[in-house]
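Worksheet: the structure to be examined is printed underneath.
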Amino acid sequence: MSLKAGIVGLPNVGKSTLFNAVVENGKAQAANFPFCTIEPNVGIVAVPDSRLQVLSDLSKSQRAVPASIEFVDIAGLVKGASQGEGLGNKFLSHIREVDSILQVVRCFDDNDIIHVNGKVDPKSDIDVINLELVFTDLDQIEKRLDKLKKSKAKDSQTKVKEEAEKAALEKISVALLDGKPARSVALTDFEKDAIKNLCLLTMKPVIYVANVAETDLADATNNDYVVGVKNVASELKSGIVTISAQVEAELSELAIEERQEYLKSLGVSESGLGNLIRATYDLLGLRTYFTSGEKETKAWTILEGMTAPQAAGVIHSDFEKGFIRAETVAYNDFVAAGSLAAAREKGLLRSEGKDYIVQEGDVMLFRFNV
């Protein structure tokens, strides 16, 4: 599975600083003026997972391949972006294909960094961004409904699908006009499938990224800005992560062995990137399983509830089509045994069929016949 997250926010909230910090060889410019990101910046980041190297060492693998997440950073949005203000509407299209939206919100005071609206006000900032996403979806829905009204579908199957799409879009339109996101609307599975190709922005799950000063990173409970963002996130049933883009930038300049010591000195145990990815996995209901052998140990990302054949299909569609069985051992059992062969000898390696639901951390070997 290719996991994508789009980074949005007002200018000067720390978007590009965060992007540059977490994406190796990030190309985004970070400067104290609006619209410094002229083209969408895309970067692929390895998902931190300490289990990967443990398995790789035990299997004496030639290489360890982590799961990855793709970040898309777009220009800072301003009020009126959906109508073209500040070049914004040009960039909103770049996040249509993402799985989730990371909305960076400024939660620090700094007289040297200009706020585009004159003062730091997270609630107002969030409202501006959310309204622009709402307006963008409304415009798209209006155009699509107009096309559906003119449609002259002949076969019954197409007619049924178009009716479902029309019904879903009309319900969503009412919610959007009330300032509510599309994801808040109760739809049937058939209706969801009918509008899936529209990639509505407010249908995507959101994680609010509260960007704080270094001094607030260990304990942000006394930061009134963060408290405000948490209240909004709770109200909108969205995720929230507190990070310091500046700390992430400083971490990216340190040697890997020095990073943990630096985090420890700040009173935190994990980088913002780790927190961000974990929150994204939780929000999207994602899980990780592993394959491990002499050639390579690899982490694979799947949706919670996937069966063994579906998980095999993430590697290659032929694995799913010709699935026979999966030889499976839990991560902790694999580590305790010391190898796949030892796990088999101790009876820890199980043979699972087509109905098996893959569990977090499973180490799997698929048997298939094409």
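None of these values were measured; they are calculated from a predicted model.
- Taking the six-membered ring for Trp and the full ring otherwise, Phe368 and Phe323 have centroids separated by 6.0 Å or more.
- Residues Glu250 and Glu214 meet the side-chain proximity criterion, which asks for heavy atoms closer than 4.5 Å.
- Donor-acceptor pairing under 3.5 Å is recorded for the side chains of Thr291 and Trp300.
- At distances below 3.5 Å, at least one donor-acceptor pair connects side-chain atoms of Ser339 with backbone N or O atoms of Ala342.
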- Does the pair Gln359 and Ile357 meet the rule for a side-chain contact (heavy atoms from CB on, under 4.5 Å), with working shown? CA-CA 6 Å; Gln359 301 299 303; Ile357 303 299; 4.0 Å; yes

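- Not one N or O on the side chain of Asn369 forms a donor-acceptor pair closer than 3.5 Å with the backbone of Gly322.
- The backbone N or O of Ala5 lies less than 3.5 Å from no partner atom in the side chain of Asp99, so there is not a single donor-acceptor pair.
- The main-chain N or O of Gly313 is never found under 3.5 Å from a side-chain atom of Ser317 such that the two would form a donor-acceptor pair.
- Closest of all the heavy-atom pairs between Ala218 and Val268 is CA-CG1, 3.8 Å.
- Using a 4.5 Å cut-off on side-chain heavy atoms (C-beta onward), Ile69 and Phe71 make contact.
- Residues Leu176 and Thr202 have side chains in contact (heavy-atom distance under 4.5 Å, counting atoms from C-beta outward).
- Follow the hydrophobic side-chain contacts under 4.5 Å out from Leu266 and you never reach Leu18; the two are in separate clusters.
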- Task: Apply salt bridge (charged side-chain N to carboxylate O under 4.0 Å, His left out) to the pair Lys159 and Asp155, showing each step before the final yes or no.
- Result: CA-CA 6 Å; Lys159 283 182 180 178; Asp155 64 283; over 6 Å; no

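- Thr328 and Asp362 are not linked by any side-chain donor-acceptor pair at a separation below 3.5 angstrom, with hydrogens and angles left out of the test.
- Using a 4.0 Å cut-off between charged nitrogen and carboxylate oxygen, Arg278 and Asp282 do not count as a salt-bridge pair.
- In this structure, Ile195 and Met203 have side chains that are in contact, with non-hydrogen atoms separated by less than 4.5 Å.
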- Query: Tyr356 and Met364: side-chain contact (heavy atoms from CB on, under 4.5 Å), yes or no, with the steps?
  - Reply: CA-CA 12 Å; Tyr356 177 68; Met364 310 189 77; 4.3 Å; yes

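- No cation-pi contact links Arg287 to Tyr289, judged by a cut-off of 6.0 Å to the six-membered ring centre and 45° from its axis.
- In this structure a side-chain-to-backbone donor-acceptor pair under 3.5 Å is missing from Arg183 to Pro205.
- The pair Arg325-Glu352 does not meet the salt-bridge criterion, since no charged nitrogen lies less than 4.0 angstrom from a carboxylate oxygen.
- Partner of Leu348 under the side-chain contact (heavy atoms from CB on, under 4.5 Å) criterion, chosen from Lys346, Arg344, Arg350, Glu345: Lys346.
- Remark: Lys180 NZ is loosely packed, at most 12 non-hydrogen atoms of other residues, nucleotides or ligands lying under 6.0 Å away.
- The heavy-atom pair separating Val241 from Ala279 by the smallest distance is CG2-CB, 3.3 Å.
- The number of heavy atoms from other shown groups lying within 6.0 Å of CD (Glu296) is above 12.
- Remark: Glu360 CD is packed, more than 12 non-hydrogen atoms of other residues, nucleotides or ligands lying under 6.0 Å away.
- Between Arg51 atom CZ and Phe334 atom CZ the span is 13.0 Å, to the nearest 0.5 Å.
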- When you look at Ser292 and Ser59, which way does the side chain to side chain donor-acceptor pair (under 3.5 Å) test go after all the steps? CA-CA 7 Å; Ser292 189; Ser59 297; 2.6 Å; yes

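- Under a hydrophobic-cluster definition in which Ile, Leu, Val, Met, Phe, Trp and Tyr are linked whenever side-chain heavy atoms come within less than 4.5 Å, directly or via other members, Leu3 and Val206 are assigned to the same cluster.
- Formation of a donor-acceptor pair under 3.5 Å by the Ser184 side chain with backbone atoms of Pro181 is found in this model.
- At a threshold of 4.0 Å, the pair Lys123-Asp127 counts as salt-bridged, since one of the basic side-chain nitrogens sits closer than that to a carboxylate oxygen.
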- Passes side-chain contact (heavy atoms from CB on, under 4.5 Å), Lys204 versus Ser100? Steps please. CA-CA 5 Å; Lys204 301 178 186 301; Ser100 64; 5.9 Å; no

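- When Val13, Val134, Val104, Leu10 are each tested for a side-chain contact (heavy atoms from CB on, under 4.5 Å) with Ile129, only one passes: Leu10.
- Expressed to the nearest 0.5 Å, how far CG of Leu286 lies from CE of Met306 amounts to 9.0 Å.
- No chain of hydrophobic side-chain contacts below 4.5 Å, direct or via other Ile, Leu, Val, Met, Phe, Trp or Tyr residues, connects Phe366 to Leu340.
- Linking Ile, Leu, Val, Met, Phe, Trp and Tyr whenever their side-chain heavy atoms come within less than 4.5 Å leaves Leu273 and Leu263 in two separate clusters.
- Counting heavy atoms from C-beta outward, Arg63 and Lys298 have side chains that stay 4.5 Å or more apart.
- The CD atom of Glu191 sits 9.5 Å away from the CG atom of Leu169 when rounded to the nearest 0.5 Å.
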- Message: Gln103 vs Asn130, test: side chain to side chain donor-acceptor pair (under 3.5 Å). Steps then yes/no.
- Response: CA-CA 9 Å; Gln103 188 176 146; Asn130 287 349; 3.1 Å; yes

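- Asp355 CG: 12 or fewer foreign heavy atoms inside a 6.0 Å radius.
- Of the possible donor and acceptor atoms, one in the side chain of Ser244 sits under 3.5 Å from a partner among the backbone N and O of Val212.
- Considering only heavy atoms from C-beta on, Val45 stays 4.5 Å or farther from Ser68 through its side chain.
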- For the pair Ile7 and Val209, evaluate side-chain contact (heavy atoms from CB on, under 4.5 Å) and give the outcome as yes or no after the intermediate values. CA-CA 9 Å; Ile7 304 175; Val209 183; over 6 Å; no

- Starting from the C-alpha separation in whole Å, work towards a yes-or-no answer on side chain to side chain donor-acceptor pair (under 3.5 Å) for Tyr225 and Asp109. CA-CA 10 Å; Tyr225 297 142; Asp109 291 308; 2.9 Å; yes

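- To the nearest 0.5 Å, atoms CD (Glu261) and CZ (Arg259) are separated by 14.5 Å.
- A distance of 7.0 Å separates CG in Leu145 from NZ in Lys166, rounded to the nearest 0.5 Å.
- Gln260 places a side-chain N or O within donor-acceptor distance of the main-chain N or O of Ser269, the cut-off being under 3.5 Å.
- Ion pairing between Lys15 and Asp73 holds under the 4.0 Å rule for side-chain N and carboxylate O.
- Between atom CD1 of residue Ile101 and atom OG1 of residue Thr280 there is a gap of 12.0 Å, rounded to the nearest 0.5 Å.
- A donor-acceptor pair under 3.5 Å is absent between the side-chain atoms of Thr288 and the main chain of Ala299, judged by distance alone.
- In this structure, Pro122 and Val105 have side chains that are in contact, with non-hydrogen atoms separated by less than 4.5 Å.
- Under the 4.5 Å side-chain heavy-atom criterion for grouping Ile, Leu, Val, Met, Phe, Trp and Tyr, Leu283 is connected to Leu303 within one hydrophobic cluster.
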- Derivation and outcome, side chain to side chain donor-acceptor pair (under 3.5 Å), residues Asn231 and Glu235: CA-CA 6 Å; Asn231 290 338; Glu235 183 183 331; over 6 Å; no

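- Side-chain contact of Ser173 with Glu170: a donor-acceptor pair under 3.5 Å is absent, judged by distance alone.
- When atom types are taken as modelled, the side chain of Ser351 and the backbone of Glu327 share no donor-acceptor pair closer than 3.5 angstrom.
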